[in-house]
Structure formats: C-alpha cells, structure tokens
Amino acid sequence: MRLSKAFIPTLKEVPSDANIPSHQLMLRGGYMRQLTAGVYSYLPLGVRALTKAMNVVREEMNAVGGQELLLPALNPESLWIQSGRRNVPNFILSIKERDLVLAPTHEEVIGYIASMHIQSYKDLPQTWYQIHTTFRNEPRPRSGVLRGRQFIMKDAYSLDRSWEDLDKSYDAQAEAYKKIFNRCGIKFFIVGASSGAMGGTGSQEFMIESEFGEDTTALCASCGYAANLEVATSLMPKAARVEKNEPLKEIHTPNVKTIDQLVEFLNIDQSRFAKSLVYRHNGKPLLILMLGNDQLNESKLTAALGGGNASPMDAEELLSLTGADGGSIGPVQLTGFRIIADKRLEGLNGLISGANKNDYHIANIDLARDVNVDGYYDLRSIEAGEPCPKCSKPLKISNAIELGHIFKLGTKYSDTLNITYLDESGKSNPVIMGSYGIGMERIVACYIEQNHDKDGIIWNKVLAPYAIHLIAVNMSSKEVAAASEKMYGQLGEMGVEVLYDDRANITPGFKFKDADLLGMPIQVIVGDKGLKNGQLEIKRRKTGERILVKLEDALTEIKKILSE
RNA sequence: CGGGGUGUGGCUCAGCCCGGUUAGAGCGCCUGCCUUGGGCGCAGGAGGCCGGAGGUUCGAAUCCUCUCACCCCGACCA
C-alpha cells in the first residue's frame, strides 16, 4: 500500500479523550475513530490488525474442532424472555420499532438452533463458534476499545452429552486460548473466576496485568494460585472464642460510628467487633455481619444468596427498619431481617456490635446464643499480603484486563430453552453446554498496552497490519525514488505486505515519526545517504537496531528477518 | 444511577470570573518558494452561526435557566 494513496490519518497530538496508551495510539496511528461513547469506526489499519487477530483465533478454533457459524445480531425479544435474561441489568440493548433486541451474546440463539437439530447422542459433541459484532448496554463505556457498547467477540459454544465430555470441550478451549494469546505475543495469566449471572459450575478468565484493568486479581508468586477477587480466598485465620461467656451488656459509645473509631474508643482489637451491613436482597431486608473491618465482596454476596439483586439500603430506610443510623446497627434483637455472616465469624462469642440505638453498642454477643444467623458464607474481599489458600505464601493483588472468559454452563440454558437429546436407551437428557468468549479488540488493545514506547506501537509480525514499512526518505531524489519503487515491487512479488511511504514533499523526520507511530516491525529505509554506497537500511522497530545492507542483498536479508 | 469536569475551525487549547473592537494561538490543511536522515523554514490563504434552546441586557463565547453530548471518579459489569 502506498501511503500517498492510503487513508491513514495520523495525529501528532494526543486526543484529549484518550487516557490509556492503547487508546491514544490507536487514535493517533489512524487505526480507528470514535463515533459515540463506546462505539468506534475501524479504519483500514485497524481492520488489518483485527483481521490478523481473527485469523489466529479462527485457526485455533478450527484446530480444536470448532465449526464457524454466523449468528444474527437481531434477536426476537421473546427468546430472551424465555431464557430469563431479558431484564438482566445493563445487559441488553433493544430497538424501538420492533420487539427485537441486539444480542449481547449468543447462548439463546445457539440453544434455539440446538433444540431443533440436536436430537440424538449421535449428534454430539459439537463446538460452534463465530466472530461477530456484539452489543451491550454498558452503563459507562471507557478506556477506548476496552469497554464498548459495540464490540467484536469470538464466542464459542460446546454441546456435550455428559459433564465429563464438557470437561474435555472446556479443556480443549482453554488450550486453544493459550495458543491464541501466545501466538499473538500477549503475556497473560489465567484466574479462577465467578460465573456470575452466566450461571454454571466453573469459569476461568484469561487476563493481562494492567494498571488500567477493571478486574482485580489475587496472585501467588510461589505456587501459581490465581483468582479473580470475586472468588479469591485466603488463609486469614478466624478469630477465637473467648472462654468466659458473659451476659449481654450495653455500652455507651457517643459519636462512634466506624470500626476504626470503636477500636480506638474502647481500645479493643478489631477482631472482637462484628460489623453490620444492611442490604436489600430482592427487596427483602438483609443484615450482613463481617468480622472487624473486613470488606464485603458483593460478588461473593450475590453468589451466596444464589443470585438476585442485592444492594445497600439507603439511610432513611435504615433508620425506620432498625431504629438506628448506620454505625449503630447490630444483629441482637433485630426483627424483620434475614441475618447472614462471614465465615470468619462462625461460632464466635464475646463480640461487640451495634445496639440498634444511636450511640450505643452491645458487648458479649455470642452469635450462637444471641443471634439467629441464617448461614455463614465466605463474603470477605481478601487483601494483599494475606496467606495463599494453597501454599500460605503472601498473595499479591493486581489489576487486570480480561481478554477471554470460559464457562462451564452445564444445563442452565438447556433447561430454559429445552435443549435435549436422546441417549442409547431412548431417554431424554439435557445437553451440557459450555461457552467461551474472547474480545477481539481487546487482543489488539492489550497487545498495544504491552508493546509500545514513547514513539508508538511496536507490532510483532503476527498482528502487524503490514510486515514492512518501506520509507523513501526523499522522493525528489531520482535515485531514491527509483530504488524505493523497485524494492516495493520486489517485496510485493514476494508476497510481503508492505506499507510504502512514497509521499512527495514530506520531510524525512515526518516519515520516520509516522513509521514509529504506526509500528510495523521492520522498517526498510531508502535514502541518498545509503545509496551513495549502494546500500539501504533495515531498522527493527522493537530494538531500534539498524543495519546497512547492499541493495542486491536486501531481499535476502529481509526474507531472513521475516522468517525469524 | 450518584459525584465531578469539558464543549470555541480537522486536532490541542486560550479568551469566560470582571458582558462591549472584526473571536485568537499552535498544530494540521491549501498555494508558492525553499529544504531533504527524526513531526524543516519563509510568504500568502481557506476554514468558527463559540454544543443546542430559551432568558437577562442597548449589547452575550462571556451572566441565568433548561437541555444534549463527551470525558473522569464511583456504583454496576457475562
């Protein structure tokens, strides 16, 4: 492609809306432009990079027996009502003129097709996938392409007859994912994750570490334990029971609201306090007890509650239902609430909690004696430095971007959408499903996050839109123009993808800056300086290393570098 | 959805508090000359109903009200 004819609008200045490197560079390099919040147009260079990523994904999906489909973005609303996902918050975008919705994923359509055509155990297993535009009602799009309302997803679905076969399909996808990200040159790690509203029995996320990530993960450098904070655990010890079980005692605690203030006011260790959090779960009042200053993890809470909508109660309701304001609420003699507690509180006594009377707390609480606790669950967010659940070494906490997510769905959709097959004995069974997603733009953006410098993107040959950026330093020099044109022709004949800067009246500095910004892995520079000695220059974008080669050796040398 | 911020030429921004020339700068763009190894120089030029609507005023980019859009923090997030 000749740059003189190409549509690659580069920008010298950083657009003010872009805050993270991948976003800035994709805009500056003319890879894409924003249309509206969370929606981007991909320009020619962006399409080429995305296409490269898609090719890798296709190859690896096909290699594990995936069959490519193309499913419609427009879905009948009724299908989503049937699966029970029509009203999942912030999930589906719909259109106004018809009872149609824009599909945010395709379990429903896969299920619809499968329910019609999968009839016998002989039809199983199947793995179907697509690479397709997906829509989600993101409340707050951000970070460029990392979180959009419209994005391209590779989504795959496995259909199996048994849980054992699901494990095989799932493992095959996991292996394919590793190959995909490795081939793309992305440094990733895998964490155990919550299956959330997706349902199912297990899931893992493929992550890259990034300060701009929206997920938080716990990692053990020693044994390799890795989990999303939504599900991460640690070996934080429970507090112990105290020997003497004293009777309940009210204590005056004027203007003492937080656990930290209580610790200071009473001079008692925080492990003697039961913190009360007041929520509504599906409309019903819920009191959650946490040990000391442990932080509630809402993902764990939702999981413990078996789904549904849990949110903090507002201050007015709090007062009318408990008789006290936040900071003075506790479990003793509290009526109308379901009470659950974190596992670290299990069986404890000698605790202090709110008295449901402003400025008072109650001491000597024995959860077994004084409170009707409806279950102990793991509800707390772990913190950095806590002992790894597997090997007890300190855990590290870091932010991460989710590149891919794989789920063992089980029968959730088979049940609602009636996806069954007949086994050898003629008995009807639900199909066991798995689902596997990759954000295609995230591949490109995450790669850039990990591979850029102050000048621009640093592509590897797998994702690079072009293998070579050929620069004619000065087109007004007849010799340079002739040698460049010849090189462009020869590389083209070799089948190499070349971006050729043949622009006239553009100064060399400008061309070099553009080349570094766009980031092709190899720059071939033809200028008078080298031609005097019958040479041209080859520069590696990644290292900045330059070598001079004789014109007649250039093709051989380039071939050699390309095959590395 | 709560909090904050920003909308002035293609991009980055100044001007706004404290209303009053013809609305500015840099970059980019066009023309000519010049230059040719790290976003070159000189000269000339095009391009803006100051996000939108309403109001106050003799007069509004500037003050007030409403509204829309975008960005950030939080909430949320398959």
Side-chain angles (χ1 to χ4, degrees), chain A residues 9-20 23-24 27-28 30 33-39 83 85 88-92 103-108 134 136-144 146-149 151 153 155 193-200 203-205 212-216 228 230 298-299 302 307 309-312 314 402 404-409 412-413 434-439 454-456 471-477 479-481 501 503-517 523 525-532 536-537 539 544 546 548:
Chain A
T10 57
L11 301 169
K12 184 148 61 170
E13 286 177 281
V14 180
S16 58
D17 281 352
N19 302 298
I20 72 170
H23 189 193
Q24 293 172 349
L27 290 172
R28 284 192 56 212
R33 287 292 182 267
Q34 180 170 338
L35 182 60
T36 183
V39 179
S83 73
R85 294 207 289 180
V88 172
N90 302 327
F91 191 40
I92 291 181
T105 173
H106 276 88
E107 282 80 10
E108 276 74 0
T134 285
R136 288 191 191 176
N137 187 17
E138 284 295 344
R140 180 149 99 83
R142 68 180 99 167
S143 302
L146 286 179
R147 171 121 91 140
R149 293 208 169 108
F151 55 96
M153 180 164 77
D155 44 326
S194 161
S195 35
M198 198 80 172
S203 85
Q204 288 170 299
E205 290 167 324
F212 306 113
E214 296 177 11
D215 285 281
T216 313
N228 194 305
E230 293 167 350
E298 293 202 0
S299 300
T302 307
N309 183 30
S311 55
D314 63 55
E402 176 189 349
H405 201 159
I406 57 180
F407 295 89
K408 293 181 184 175
L409 293 178
K412 174 170 168 150
Y413 299 93
S435 121
Y436 317 93
I438 295 178
K454 65 174 173 36
D455 294 316
I471 299 171
V473 170
N474 173 13
M475 284 301 278
S476 57
S477 155
E479 295 74 23
V480 169
D501 196 342
R503 291 173 295 180
N505 299 317
I506 299 278
T507 56
F510 202 99
K511 293 189 174 188
F512 293 140
K513 288 287 187 191
D514 261 357
D516 287 348
L517 173 61
Q523 296 173 13
I525 302 163
V526 181
D528 284 317
K529 209 166 101 179
L531 284 184
K532 276 190 304 202
L536 54 69
E537 192 174 325
K539 174 183 160 184
R546 299 154 184 271
L548 289 167

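Proteins come first, then strands; the chains are lettered A, B, ... in the order of their sequence lines, and each starts at number 1.
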**Study point:** Under 3.5 Å on both distances, the Watson-Crick or G-U partner of B/U65
**Key:** B/A53
Review point. How long is the line joining NE2 of A/H23 and C1' of B/C72, in whole Å?
Key: 13 Å
**Study point:** Toward the 5' end of RNA chain B, by each residue's nearest nucleotide, A/P508 or A/G38
**Key:** A/P508
Practice item. Would you please test A/D516 and A/K539 for side-chain contact (heavy atoms from CB on, under 4.5 Å) and show each step? Key: CA-CA 10 Å; A/D516 287 348; A/K539 174 183 160 184; 3.0 Å; yes
Study note, to complete from the structure: Walking RNA chain B from its 5' end, the first of A/P15 and A/E402 to be reached, judged by nearest nucleotide, is A/P15
Point to revise | Options B/U36, B/C71, B/G28, nucleotide nearest the side-chain atoms of A/Q34 | key: B/C71
Review point. Hey, what do you get for CD1 (A/I471) to CZ (A/R503), rounding to the nearest 0.5 Å?
Key: 9.5 Å
Exercise for review: Would you indicate which nucleotide in B/G37, B/U36, B/G26 comes nearest to any side-chain atom of A/R546?
Suggested key: B/G37
Exercise for review: Check the distance between B/G28's P and A/D514's CG and give it to me in whole angstrom.
Suggested key: 12 Å
Point to revise | B/C72 phosphate, OP1 or OP2, under 4.0 Å from A/R142 side-chain N/O | key: no
Check your understanding: With respect to the side chain of A/A37, which nucleotide from B/C71, B/G39, B/C76 is positioned closest?
Key -> B/C71
**Study point:** Nearest-Å distance once atom P is located in both B/G59 and B/U12
**Key:** 35 Å
Check your understanding: Between B/C71, B/U36, B/G39, which one does the side chain of A/N19 approach most closely?
Key -> B/C71
Check your understanding: Can A/M475 and A/D501 be said to form a side-chain contact (heavy atoms from CB on, under 4.5 Å), step by step?
Key -> CA-CA 9 Å; A/M475 284 301 278; A/D501 196 342; over 6 Å; no
Practice item. Report the C-alpha separation of A/N228 and A/H405 in whole Å, then their side-chain angles, then the decisive distance to 0.1 Å, and conclude whether the side-chain contact (heavy atoms from CB on, under 4.5 Å) test is met. Key: CA-CA 12 Å; A/N228 194 305; A/H405 201 159; over 6 Å; no
Review point. Does the distance from a Lys or Arg side-chain N to an Asp or Glu carboxylate O, for A/E107 and A/K412, drop under 4.0 Å?
Key: no
Study note, to complete from the structure: Checking B/U12, B/G37, B/C70 against the side chain of A/K529 (C-beta onward), the nearest is B/G37
Check your understanding: Distance check: side-chain N/O of A/N474 vs OP1/OP2 of B/G37, anything under 4.0 Å?
Key -> no
Check your understanding: For A/S16 and B/C13, is the shortest distance between a side-chain N/O and OP1 or OP2 below 4.0 Å?
Key -> yes
Check your understanding: Side chain of A/R136, backbone of A/I92: donor and acceptor closer than 3.5 Å?
Key -> no
Check your understanding: Quick one: is B/A75 close enough that its OP1 or OP2 comes under 4.0 Å of any side-chain N or O from A/S311?
Key -> no
Review point. At under 4.0 Å between heavy atoms, what does A/G530 touch on the DNA or RNA strands: base, sugar-phosphate, or nothing?
Key: base
**Study point:** A/D17 side chain, from C-beta outward: closest of B/C70, B/U12, B/G37
**Key:** B/C70
Study note, to complete from the structure: Pairing partner of B/A25, by Watson-Crick or G-U wobble and under 3.5 Å for both distances, is B/U12
Study note, to complete from the structure: Atom NZ of A/K511 and atom P of B/G37 are separated, to the nearest Å, by 12 Å
Exercise for review: Test for a donor-acceptor pair under 3.5 Å between the base of B/U36 and the side chain of A/T507, counting only N and O atoms.
Suggested key: no
Review point. Who does B/G2 pair with, Watson-Crick or G-U, both distances under 3.5 Å?
Key: B/C73
Point to revise | Rounded interatomic separation in angstrom, taking NZ from A/K513 and C1' from B/G28 | key: 17 Å
Check your understanding: What is the distance, rounded to the nearest whole Å, between atom CD of A/E13 and atom P of B/A14?
Key -> 13 Å
Check your understanding: For B/C73, does either OP1 or OP2 sit under 4.0 Å from a side-chain N or O belonging to A/R140?
Key -> yes
Point to revise | B/A23 and B/G48, which share atom name C1', separated by this distance in whole Å | key: 9 Å
Practice item. Please state the P separation for the pair B/G15 and B/G24 - nearest whole angstrom. Key: 16 Å
Check your understanding: When you compare B/A61 with B/G52, how far apart are their C1' atoms, in angstrom units rounded to a whole number?
Key -> 14 Å
Check your understanding: If the C1' atom of B/G54 is compared with that of B/G47, how far apart are they to the nearest Å?
Key -> 30 Å
Practice item. Return the value, rounded to whole Å, for the distance between atom CD of A/E138 and atom C1' of B/C70. Key: 17 Å
Practice item. Could you let me know what B/G47 is paired to, Watson-Crick or G-U wobble, both distances under 3.5 Å, or none if it's on its own? Key: none
Practice item. Determine the Euclidean distance between corresponding P atoms of B/A75 and B/G19; express it in Å to zero decimal places. Key: 42 Å
Point to revise | Out of B/C40, B/C70, B/U36, whichever nucleotide has its closest atom nearest the side chain of A/T36 | key: B/C70
Practice item. Sticking with atom P, work out how far B/C77 lies from B/U8, rounded to a whole angstrom. Key: 35 Å
Review point. With no angle test and no hydrogens, is the base of B/G37 tied to the side chain of A/D528 by a donor-acceptor pair under 3.5 Å?
Key: no
Practice item. Round to a whole Å and report the spacing from CG of A/L27 to P of B/C27. Key: 22 Å
Check your understanding: Who does B/U36 pair with, Watson-Crick or G-U, both distances under 3.5 Å?
Key -> none
Check your understanding: B/U35 and B/C40: how far apart are their C1' atoms, nearest whole angstrom?
Key -> 7 Å
Check your understanding: Of all the nucleotides listed (B/G38, B/C40, B/C76), which has the minimum atom distance to the side chain of A/N90?
Key -> B/C76
Exercise for review: Identify whether any heavy atom of A/R28 sits under 4.0 Å from a base atom; if not, whether one sits that close to sugar-phosphate; answer base, sugar-phosphate or nothing.
Suggested key: base
Check your understanding: After noting the C-alpha distance and the side-chain angles of A/V473 and A/D528, does the key distance pass the side-chain contact (heavy atoms from CB on, under 4.5 Å) rule?
Key -> CA-CA 8 Å; A/V473 170; A/D528 284 317; over 6 Å; no
**Study point:** Non-hydrogen atoms of A/Q24 and A/A18 that approach each other most closely
**Key:** NE2-O, 3.2 Å
Review point. In whole angstrom, what separates A/R503's CZ from B/G39's P?
Key: 14 Å
